[in-house]
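The structure appears right after this line, and notes come after that.
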Amino acid sequence: MQAGLDGRVLTFTKAGFAAPACRGTGGGTLVMTETELQQADSILGQFDDRRANLIAILQDIQAHFYYLPEDVLRRLARKLRIPLTDVYQVATFYRCFSLVPRGRHQVQVCLGTACHVRGAPRVLDRILTDLKLGAPGTTRDRQFTVLTVRCVGCCGLAPVVRVDNKTHPHLTQAKVRGVLNKYRLKRQSQEEVASAEEAGDRDATAQVG
Amino acid sequence: MPKLTINGIEVLVEKGVTVLEAARFLGIPIPTLCHDDGLAPASACRLCVVEVRRGLEGRSKLLAACSLPAEDEMVVHTNSARVQRARQLLIELYVATCPSSKRIQDLASAYGVHECRYEAEHEDCIQCGLCVRMCEQQMMAGAIGFAGRGANRRVSRPFDMTDKRCRQCGACLYICPVCELRCAGPAAEATLCNGCLNFAPVCFQSYDDAMCFLDPCHACELAGPLRPDVKIKTRARATVLSGEKQ
């Protein structure tokens, strides 16, 4: 399935990106491949067509694709026979759902009062530098999404960072790299990441330009 | 059948009737912004708050009348001092959100809200949800809905694209209490209108009995066509001067 606006096709897929690939149009709307749509249908097939299942289905879709693709939400609405706005309302309400692709690992940096006092902003800075991010968001290789959260409810462990529901207590700038390395792809060395990003840049410019 | 007392009047109503309906049956006005007879109550605007006490003992509570089922031994006051204070505060907040809405300005005049202490935001939505409910419940379309959360909550179309469910019927515009043009009276830039009370002549666009291209607002009607006792204060913050020494 090839789609594009004004003939532009932006490729979001990057080398080393283990999440399901998706291609998008120049307008920023991501378009699913046939395989992905089949995967989505199999997720939808696991549930009864009841409105009460909406959040559970959305959670499964989010866990599989790391975001909620528009096409899948449309299918979901049709299948449950509810207006798309009802799905959209829930999808935009909860912070665990995202309409734009997120990384494979979610890094939640607590910036609550206790963590703030014990140096969370510095930890956040180091995480962002380490992942080459300017601001909280998703890395180019879609391995990590950095989110800032308020309080995760364990102020005694401040400053705290949660990665994929695992809590890492008492973080310092020095410990950041070690924590993140646990979640990095094993086979991938730093050079590979760098070259992949470079190649990705070339692709994007070539196809957009 | 529940028997309740509204402003000292005993009334028997059918089961399931709301306090708002019971009050309106008695001819007691209760202001609303988010209520429509054809739609499910949302208790979003809270303007219909009334003071309710159950039985003879206990404390009274402020409850939204539009979604409050009438019960036996309920004692309701629709316009007590406490209710008025609550409504005045609400109206003040609404005026700050949507100064362009004539309905809200009328309410401000009617409830004597003479100053607005909050910064005007000039939004075009008070999130009453009337359009969303209209689209869903009367038009059977469900093309618009709320999106986001907290301060980012807004009425939106899914993915900001017009759905084929939307038949462009315009019912959402028809029912919206705030998206309307404002009377461009003398104090158009002030947050709070009440302008017609201050100024003579009442409005720039005054005709024989209507003051502008819209129907005269409540304040204009109260003020009458001319207010010789009020000095003209151009561009002044709208303050009702009547009753005050000048």
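Values reported hereafter were calculated over all heavy atoms of this structure, with side chains retained and with hydrogens, waters and symmetry mates removed. For clarity, every value in this text was computed on a predicted model and none was experimentally measured. So that the names make sense, note that chain A is the first sequence line, chain B the second, and so on, each numbered from 1.
More than 12 heavy atoms of other residues, nucleotides or ligands shown are found within 6.0 angstrom of NE2 on H170(A).
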Find the N and O donor-acceptor pairs between chain A and chain B that sit under 3.5 Å apart.
residue	atom	partner	partner atom	Å
T92(A)	OG1	G148(B)	N	2.9
F93(A)	O	R149(B)	NH1	3.2

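With a 4.5 angstrom heavy-atom cutoff, I82(A) touches chain B only via backbone atoms.
Across all their heavy atoms, G142(B) and P83(A) have their closest contact at O-CB, 3.4 Å.
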